[in-house]
Amino acid sequence: MNPMNDILSNLNPAQREAVTTINGPLLVIAGAGSGKTRVLTHRIAYLISQGIQPDNILAVTFTNKAAGEMKERVGNLLKTPPLSPYQREAWGGMPWMGTFHALGVYLLRRDGHHIGIPRSFTILDEDDTQSVIKRIIKERQLDPKQFQPARVRHIISALKNNQSKNKEYEQEEEELRYPKEITNIYQQYEKELQETHALDFDDLLLKTVGLLHAHPDVLAKWQAQWRYILVDEYQDTNHIQYTLTKLLSGPADSEHNIMVVGDVDQAIYSWRGADFRNILSFERDWPQTKLITLEQNYRSTGIILEAANAVIQKNKERKEKNLWTERAEGPLLEINVMENEREEAAFIAREITRLKRTGAKLRDMAVLYRTNAQSRALEESFLRNSIPYRLIGGVRFYERKEIKDILAYVRLAANPRDRTSARRVINTPPRGIGAVLAEKYFAEKTLSPKEQARLDTFLGIKKNLETAYTTSAPSELAHIAIIQSGYETYLRDGTPEGEDRWANAEELFSVTSAYDAMDPPQGTDAFLENAALVSDADSIDASADAVHIMTIHAAKGLEFESVFATGFEEGIFPHTLSIHEPAQMEEERRLCYVALTRARTRLYLSAAQTRAIYGEVQWNEPSRFLREIPEHLVQLQQPIETNYLETEI
DNA sequence: CTTTGCATTATTTTT
DNA sequence: TAATGCAAAG
């Protein structure tokens, strides 16, 4: 079959134009369900089919999962086999695709040495970052109430990102707003990261931009390579990502071809520094921009779309667009106000069971909520009613203690100077090295023979792991780590929880083995990089027949036949912390828009009159969002009074 | 040094 | 509620 048929057939005129306009800057405003991913993948395939080298294409996505999907779909379009993660670098047949953070790692591993970044640096996640800050606060004997680690982390992150904006007066002002202790903590934090060869999430982007600014030759090299740049979810890029995009795409009048895709109505990450004005001002930044708007929705029924449009229209800061569909009207939305969160969950369980009896698949259903804490009642209800479910997010896999511990051993093997990891495992499992002795060791104080002896057990393990790092495959290294350190015995303490933890550890080994095919040190490096950057959303397994339950944020980019959006209560959704701030209120509404537009056919909205949150019962008014949906689209259910709470359904 | 138990406390969303 | 911190006992 002629591949061109595959690439250009089944595209509507707007999509086709977005795929085939390959010269000059291009802005694609893509409403929910309008075939955005389709446009991106077909465009990449089209570029390649036009003789453009895959090496010359860079595609940046929001999640690793999106990148993975993109690779697979481009691969299918080009009739080549899909790639597994470790093949990415080995095989030049694919464009570079990944998140901004992964791009930062990619560039820094190659060229970071120009600005003094060692090849094997450690990536600190927010957890790691916070524990470093926490310790610094403690060391400096500051009041942890006045300097809350989480808050200080936030401020430091803001200060770091502000530097890049290069507005001196603003920066001065910024620093004046915080006590000088913050500056001290910040400085010590930076110093420690440098000494221990560690980069935090912010650094992955900031240092990359710093590198490109400081070394025009390096910048020129990558600019010459990536002549076609695609950025997905542009509305959720932050300032530094914007700068990186601009740098790589060269001067506005250059031969570079940049294309960004996004939707202001789906901007839901401003709390993380994203600025959707990046997309609003794209045409100003790239004056020759061609604008294409995708307004035909292929996902949802007319009713669902009308409801979503009605809600989002209440927002002021947006670019007007009108999503339409050729799909039938479909069933009305169902709104249920239940007595409490357990009844809400019980209702959902009943409805899911009913749908299943009519032949629906569990994997086509999703339950969405605003905050992770809301998952509990749902999980309990599903367990009680034997409904298989898959929880996305919550305590993420890589945030589990046992996983972080094992990872710390592996990271220590890769980077012997990684003190954050060393602190973590120096006495895990307990080997007689308490906090005092540990700090004595880090400060290189002289130790008594007894102390030295206790420390030597740890140092012996460390040395062996460093050797294993250079000679063994990652899964082998992980095994050596847990056996030598006695961690397995420590984990499996005979309790059922111990076996759960061990099961998690074994899951980790199966992840590591995916990298075993690479040559020893690189395999471990690739694995660690992946572990630091993946999220749970990346591991959604669509093959299992289970209901997906997750936050609305985690559902971004996904779609389901039936969607249960829950917790429509003032204070929950919209969240209390957003209610008084109009800009944040608009973000909550966009979040609502995202929730509604995940549904293809059936959409259930529910609320609880009372809800137990952190052990306390709250009474909440129904969410304003419920009132913003036109009545004629809704079938309002009476609260159901039966006490099916404890009974099987 | 390690374990235990009590008290405190902080609660959004996550690459 | 659950996670963490802290003090006291083992």
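Residue numbering restarts at 1 for every chain, and letters A, B, ... go by the order of the sequence lines. No experiment lies behind these values; they were computed from the predicted model shown.
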**Q** Expressed in angstrom and rounded to an integer, what is the separation of A:Tyr234 atom OH from B:dT15 atom P?
**A** 21 Å

**Q** Test of understanding: with ring-ring contact (aromatic ring centres under 6.0 Å, His included), list the residues that count as partners of A:Tyr487, not counting sequence neighbours.
**A** A:Tyr490

**Q** Below 4.0 angstrom from OP1 or OP2 of B:dT13, is there any side-chain N or O of A:Asn372?
**A** yes

**Q** More 5' along DNA chain B: A:Arg454 or A:Leu577, using each one's nearest nucleotide?
**A** A:Arg454

**Q** Within the pair A:Thr371 and B:dT11, is there a side-chain N or O less than 4.0 Å away from OP1 or OP2?
**A** no

**Q** With heavy atoms under 4.0 Å as the rule, sort A:Glu126 into base, sugar-phosphate or nothing.
**A** base

**Q** Which sits closer to the 5' end of DNA chain B, A:Ala438 or A:Glu587, going by the nucleotide each is nearest to?
**A** A:Ala438

**Q** Under the ring-ring contact (aromatic ring centres under 6.0 Å, His included) rule, collect the residues that match up with A:Tyr593, sequence neighbours excluded.
**A** none

**Q** When the distance from CZ of A:Arg370 to C1' of B:dT14 is rounded to whole Å, what number comes out?
**A** 12 Å

**Q** Do A:Arg454 and A:Phe458 form a cation-pi contact, if we require the NZ or CZ to be under 6.0 Å from the six-membered ring centre and within 45 degrees of the ring's axis?
**A** no

**Q** Does the ring centre of A:Tyr389 sit less than 6.0 Å away from the ring centre of A:His548?
**A** no

**Q** Expressed as a whole number of angstroms, how long is the span from A:Arg151:CZ to B:dT9:P?
**A** 18 Å

**Q** Using the test side-chain hydrogen bond (donor to acceptor under 3.5 Å, both in side chains), find all partners of A:Thr420 that sit at least two apart in sequence or belong to another chain.
**A** none

**Q** With sequence neighbours left out, what residues match A:Glu233 under side-chain contact (heavy atoms from CB on, under 4.5 Å)?
**A** A:Lys36, A:Phe62, A:Gln235, A:Lys556

**Q** Please report the distance separating the P of C:dT4 from the corresponding atom of B:dT13, rounded so that it comes out in whole Å.
**A** 15 Å

**Q** Using atom CD of A:Gln130 as one end and atom C1' of B:dT11 as the other, report the distance to the nearest whole Å.
**A** 13 Å

**Q** According to salt bridge (charged side-chain N to carboxylate O under 4.0 Å, His left out), who are the partners of A:Asp128, at least two apart in sequence or on a separate chain?
**A** A:Lys404, A:Arg411

**Q** Return the orientation label for the A:His239 and A:Tyr242 ring planes: parallel under 30°, perpendicular over 60°, tilted otherwise.
**A** tilted

**Q** Atom NE2 of A:His101 and atom C1' of B:dT14: how far apart are they, to the nearest Å?
**A** 10 Å

**Q** In this structure, how many angstroms lie between the C1' atom of B:dT14 and the CD1 atom of A:Ile123, rounded?
**A** 16 Å

**Q** Let me have a per-nucleotide readout for nucleotides 1-10 of chain C, 5' to 3', with B, S or -, counting only protein heavy atoms under 4.0 Å.
**A** BS-SSS----

**Q** Sequence neighbours excluded, which residues qualify as side-chain contact (heavy atoms from CB on, under 4.5 Å) partners of A:Ile613?
**A** A:Ile572, A:Arg611, A:Gln618

**Q** With a 4.0 Å heavy-atom cut-off, tell me which residues in residues 269-277 of chain A come close to DNA chain B, sorted by residue number.
**A** A:Tyr269, A:Trp271, A:Arg272

**Q** Which part of the nucleic acid, if any, lies within reach of A:Phe100 when heavy atoms closer than 4.0 Å are counted: base, sugar-phosphate only, or nothing?
**A** nothing

**Q** Rounded off to whole Å, could you give me the CG-to-P distance for the A:Asn64 and B:dT15 pair?
**A** 9 Å

**Q** Give one of base, sugar-phosphate or nothing for A:Asp236, where a contact means two heavy atoms less than 4.0 Å apart.
**A** nothing

**Q** Please set out all donor-acceptor pairs under 3.5 angstrom arising from side-chain atoms of residues 150-158 of chain A, sequence neighbours excluded.
**A**
from: A:Arg153; atom 1: NE; to: A:Gln130; atom 2: OE1; distance (Å): 3.0
from: A:Arg153; atom 1: NH2; to: A:Gln130; atom 2: OE1; distance (Å): 3.3
from: A:Ser157; atom 1: OG; to: A:Asp202; atom 2: OD2; distance (Å): 2.8

**Q** With sequence neighbours excluded, tell me which residues meet ring-ring contact (aromatic ring centres under 6.0 Å, His included) with A:Phe564.
**A** A:Tyr604

**Q** Please answer whether B:dT13 and A:His553 are stacked, defined here as ring centres separated by less than 5.5 Å and planes angled under 30°.
**A** no

**Q** Run the side-chain hydrogen bond (donor to acceptor under 3.5 Å, both in side chains) test against A:Glu588 and tell me which residues pass, sequence neighbours left out.
**A** A:Arg370, A:Ser578

**Q** Expressed in angstrom and rounded to an integer, what is the separation of A:Arg153 atom CZ from B:dT15 atom P?
**A** 13 Å

**Q** What does the list of N/O pairs under 3.5 Å between the protein and nucleotides 2-6 of chain B look like, with a distance for each?
**A**
from: B:dT2; atom 1: OP1; to: A:Gly432; atom 2: N; distance (Å): 2.7
from: B:dT2; atom 1: OP2; to: A:Asn427; atom 2: ND2; distance (Å): 2.7

